[in-house]
Amino acid sequence: MRVDADAGTLELTLPLRGGRPRTVTIGPDRRGRARVVVAGSPPGRRQAEALLEGVRHVLRLDEDLSPFYALAAADPELAWATTGAGRMLRSPTVFEDVVKTICTTNCSWAATERMVGALVEHLGERAPGAPAAGPAGRAFPAPAAMAAAGEGFYRETVRAGYRGRYLHELSQAVASGALDLEALSDPGLPDGEVEARLLALPGVGPYATAHVMTMLGRYGKPVLDSWTRPTYARLTGRKTVSDAAIARRFRRYGPWAGLAFWLTVTRDWA
DNA sequence: CGTCCAGGTCTAC
DNA sequence: GGTAGACCTGGACGC
């Protein structure tokens, strides 16, 4: 995925069931509406619809944030968000979000980018017309591709350290059918059930669980880590802030507490 | 050079 | 149920 802030565009390569991935660029048209441009040969009708569905999913265009906006409007600290903030980017699949989240644990953001970049570059399927080398124009690897890669790949190429075992175990479980991560998208599952299943995954603890649940649109719990905690403390003019204090501050948001917290700590990104 | 730590988790008490 | 210690990696920092 690549963001061009100047052009206001987002480029991503989406996997397609039963076919090569395709790269799309999302940007504003002259009317200020979203336009999706597919790279390479024109897609067929079915493929075009699948790509649009993928874009809707990644941008959460079908998510109804109005209950959150109603709460934010009454909060001077977050009223700014009601003009359309809060559609956090997510991955096309739950598997991809879980893998990426594991790659954020106990390391710098630069290390996360390096690990994910290596996975995409070496295992990701190439969209037609994409460069033969490099990560550009490649989809995130399928579970089977990650399962087929050996331990040496995770150690020497991805340089994932001890995370390599988690990534390998996870992808093998998904590829074999023993684990269905995509089922976690089911809105009918209670939060507690999703939370328990995520916590049971290798390399997934409380932080990663909260983060993946956020990606799943379950915003009840703030994502607390070594970046969000100090950032929130700084914003409130304190040296440190307890998790309990954060929970209290955002309790009024109920099931939207995590989204309110995230927007608070990332406000200067907008 | 060594130590610390970054968008934590696991295991063993 | 709660808490030390270990854990890959690489960049930042102090000496």
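Chain letters run A, B, ... following the sequence lines, proteins first, then strands; residues in each count from 1.
- Between the side chain of A:Y166 and the base of B:dG8 there is no donor-acceptor pair of N/O atoms closer than 3.5 Å.
- Once rounded to the nearest 0.5 Å, the distance linking OG1 of A:T104 with CD of A:E113 reads 12.0 Å.
- Contacts with DNA chain C (heavy atom under 4.0 Å) in residues 90-114 of chain A: A:N106, A:R114, listed by number.
- Ring planes of A:Y154 and A:H168: tilted class, angle from 30 to 60°.
- At a threshold of 4.0 Å, the pair A:E49-A:R46 does not count as salt-bridged, since none of the basic side-chain nitrogens sits closer than that to a carboxylate oxygen.
- Ring orientation note: the planes of A:H122 and A:F153 are nearly perpendicular, at an angle over 60° on the 30°/60° scale.
- We find that CH2 of A:W269 is positioned 11 Å from P of B:dG7, with the value rounded to whole Å.
- Atom-to-atom, CG of A:L201 to C1' of B:dG8 comes out at 15 Å; the value is rounded to the nearest Å.
- The nearest whole Å value for the distance from the CG atom in A:L198 to the P atom in B:dT9 is 11 Å.
- Distance A:Y207 OH to B:dT9 P: 8 Å, rounded to the nearest Å.
- Under a cut-off of 6.0 angstrom, the local environment of NZ in A:K100 is crowded, with over 12 non-hydrogen atoms contributed by other residues, nucleotides or ligands.
- A:L199 comes within 4.0 angstrom of nothing in the nucleic acid, heavy atoms only.
- In summary, A:R267 and A:E77 do not engage in a salt bridge, as defined by a charged side-chain N under 4.0 Å from a carboxylate O.
- In this structure, B:dC5 and C:dG10 make a Watson-Crick or G-U wobble pair, each of the two defining distances being under 3.5 angstrom.
- The stretch residues 222-249 of chain A has no heavy atom under 4.0 Å from DNA chain C, so no residue of it qualifies as close.
- Aromatic ring centres of A:F250 and A:Y232: separated by under 6.0 Å.
- Between A:R165 atom CZ and C:dA6 atom P the separation is 17 Å, expressed in whole Å.
- When the P atom is compared between B:dC4 and C:dG5, the two are found 13 Å apart, to the nearest whole Å.
- Here CZ of A:F95 is found 13.0 Å from CG of A:L184. Values are rounded to the nearest 0.5 Å.
- For the P atoms, the distance linking C:dA6 with B:dG7 amounts to 23 Å, nearest Å.
- For A:L51 against A:L14, the heavy-atom pair with the smallest separation is O-CD1, 3.7 Å.
- Residue A:R35 qualifies as open at atom CZ: its count of foreign heavy atoms under 6.0 Å is 12 or below.
- The interatomic distance linking A:E156 (CD) with C:dT9 (C1') rounds to 14 Å, in whole Å.
- The distance between atom OH of A:Y162 and atom P of B:dC10, rounded to the nearest whole Å, is 10 Å.
- Two residues, A:A200 and A:R163, neighbour DNA chain B, and the one matched to the more 5' nucleotide by heavy-atom proximity is A:R163.
- The separation of C:dC8 from B:dA12, taken at their P atoms, amounts to 15 Å, rounded to a whole angstrom.
- When rounded to the nearest whole Å, the span between CZ of A:F153 and C1' of C:dC8 equals 16 Å.
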